[in-house]
Amino acid sequence: MTSEQKALFIIFGGTGDLAQRKLYPSLFNLYKQGYLKEHFAVVGTARRPWNDERYQEIVRNSISGMEVTAKQANEFSSHFYYQAHNVNDTDHYETLRKLADELDSKYELEGNRVFYLAMSPQFFSTICQHVKTQGLVTENGYNRVVIEKPFGHDVKSATELNESINQYFPEKDVYRIDHYLGKEMIQSIPALRFSNNIFNALWNYRYIANIQITLSEALGVEERAGYYENAGALRDMVQNHILQTVAMLTMNAPTMYTDQDIRKEKISALKALRVYDKDGVKQNFVRGQYGPGNGQVGYREENQVAPDSQTETFVAGRIFVDNMNMAGVPIYIRTGKRLTKKETRIDVVFKNAPYNIFGSESLKRNILSFKVEPNPGMELRLNGKEVNFDEYRIQSMHLRHSHGEDTRSKMPVGYEKLLYDVLQGDSASFSHWEEVYYSWRFVDAVRQAWDEEKLSQEEFQNYTCGSMGPQAAKELLKEDGNEWYFRPDEN
């Protein structure tokens, strides 16, 4: 039975792209499913001088492409209110508090509030301070703050930001969102690992040869070039999405499937990341930048990008998690823009049997693949007998599972699941501060080594749009006698 949630959402940055593309459609899905009914309200704040009517129109436009009737759209948007707001102006928080208290009474919200910070990180601390000191935090319900990435720019800035936020909100009420953790196949990793003894027993260095994680994007930097110049692929994708995925794949089994136990094991896995010195970075990491090709301009020709930019649009690396189960297992990662196609997948490559009774017959490795997007599903590659009358030959077989169209239509998008978890107080799919700290500790070592090594234009603009990155990313695996299993540019 669907349980209705009672809460007031206050969205700082309510007119922004994130709110319109992700948050409002996700809230509407929760509304359609009955998790949000009569007892909820949303206050959007931003500098724009909108009124409630204009704001509600924007909300209706944001859900217009979904399965929605005019009656549903009107009823849903009627719960939305707008407050023009300057995050640095104390008086504006007083006005916001009065509106919040009125809505709490009108919709019987029992003091439950979610403060969603869909703004630049430079405002996080200021907002948290004013929300707390101006009385927007209630005493009779929960008060949870949701923070978008990036959480800091390095260990130092992340630590300062965290200490500032914790002055006003305790760790248990801070939800650092990473939408990858809300994706169905990422959430399926613990289920497959820990509920199937066939995998649970084999998930260690004795049987796993390597793990490969690919987050490839076909698009370039688009309108995000200004942000991307200061971030790059390492900070934009590796520090959060990829390392969170690494933690899910390498953590030890939690005592129970609870947010506290999962958090404990994820922290332990990230703490066990092998941090490289300068030589280690050079040996284990590859960076690249897309150059012109296949009708696309190179990164340095994009708007707001310096003509001699050293910002990486591609990263590949060999990572080790030095814990008891995964010690010595190379985890190959790669992510980049303007690659062959958009796809996110994980390939767990198992070792071959220690002795091949089929003699010279070549055995292919067993591979378990998580297909995260665009078509969620799983695949297991096995060896079996080829149907043949006169010879006994081995052939590769694939066991595939993909969610049907009906299931996919009901599958929650990342933000929908995560917003529901915030309402439930379930932090399992969010990043704890210690996870953030150990991720930045690892990434900072790579970033520092790169910043000390300036490459020539020829060395750095080293892959063509539409390829799967620089050749050095393939050589990284070849050094270990391995290869990328996912090779769309060779098909």
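Side chains of Ser64 and Asn61: a donor-acceptor N/O pair is absent below 3.5 angstrom, by distance only. Checking Ser78 against Gln56 by side-chain atom types alone, no donor-acceptor pair falls below 3.5 Å. For the residue pair Gln167 and Gln129, no side-chain donor N or O sits within less than 3.5 Å of a side-chain acceptor on the partner. Residues Asn162 and Thr159 have side chains that never bring a donor and an acceptor to within less than 3.5 angstrom of each other.
Looking at Arg263 and Asp259, no side-chain N of the basic residue comes within less than 4.0 Å of a carboxylate O on the acidic one, giving no salt bridge. With respect to the salt-bridge test (charged N to carboxylate O, under 4.0 angstrom), the residues Glu108 and Lys6 do not qualify. Of the charged side-chain nitrogens involved, none lies within less than 4.0 Å of a carboxylate oxygen, so that Asp104 and Lys106 do not count as a salt-bridged pair. A salt bridge does not link Arg235 to Asp154: none of the charged side-chain nitrogens sits closer than 4.0 Å to a carboxylate oxygen.
Each of Glu312, Glu217, Gln289 was compared with Lys337 under the side chain to side chain donor-acceptor pair (under 3.5 Å) criterion, and only Glu217 meets it.
The aromatic rings of Tyr415 and Tyr116 sit tilted, their planes meeting at an angle between 30° and 60°.
Taking the ring centre of Trp484 as origin, the terminal cationic atom of Arg487 falls outside the region bounded by 6.0 Å and 45° from the ring axis. A cation-pi arrangement is absent between Arg441 and Tyr438 under the rule of less than 6.0 angstrom and at most 45 degrees off the ring axis. Cation-pi check for Lys149 over Phe151 is not met; the charged atom does not lie both under 6.0 angstrom from the ring centroid and within 45 degrees of its normal.
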Please list, one pair per line, the donor and acceptor atoms closer than 3.5 Å that link side chains of residues 94-101 to other protein atoms, with sequence neighbours excluded.
{"from": "Glu94", "atom 1": "OE2", "to": "Arg97", "atom 2": "NH2", "distance (Å)": "2.6"}
{"from": "Thr95", "atom 1": "OG1", "to": "Asp91", "atom 2": "O", "distance (Å)": "3.4"}
{"from": "Arg97", "atom 1": "NH1", "to": "Asp101", "atom 2": "OD2", "distance (Å)": "3.0"}
{"from": "Asp101", "atom 1": "OD1", "to": "Arg113", "atom 2": "NH2", "distance (Å)": "2.8"}

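For the salt bridge (Lys or Arg N to Asp or Glu O under 4.0 Å) test, no residue two or more places apart in sequence or in another chain qualifies with Asp178.
Distance check, rounded to the nearest 0.5 Å: CZ of Arg193 to CG of Leu249 gives 7.0 Å.
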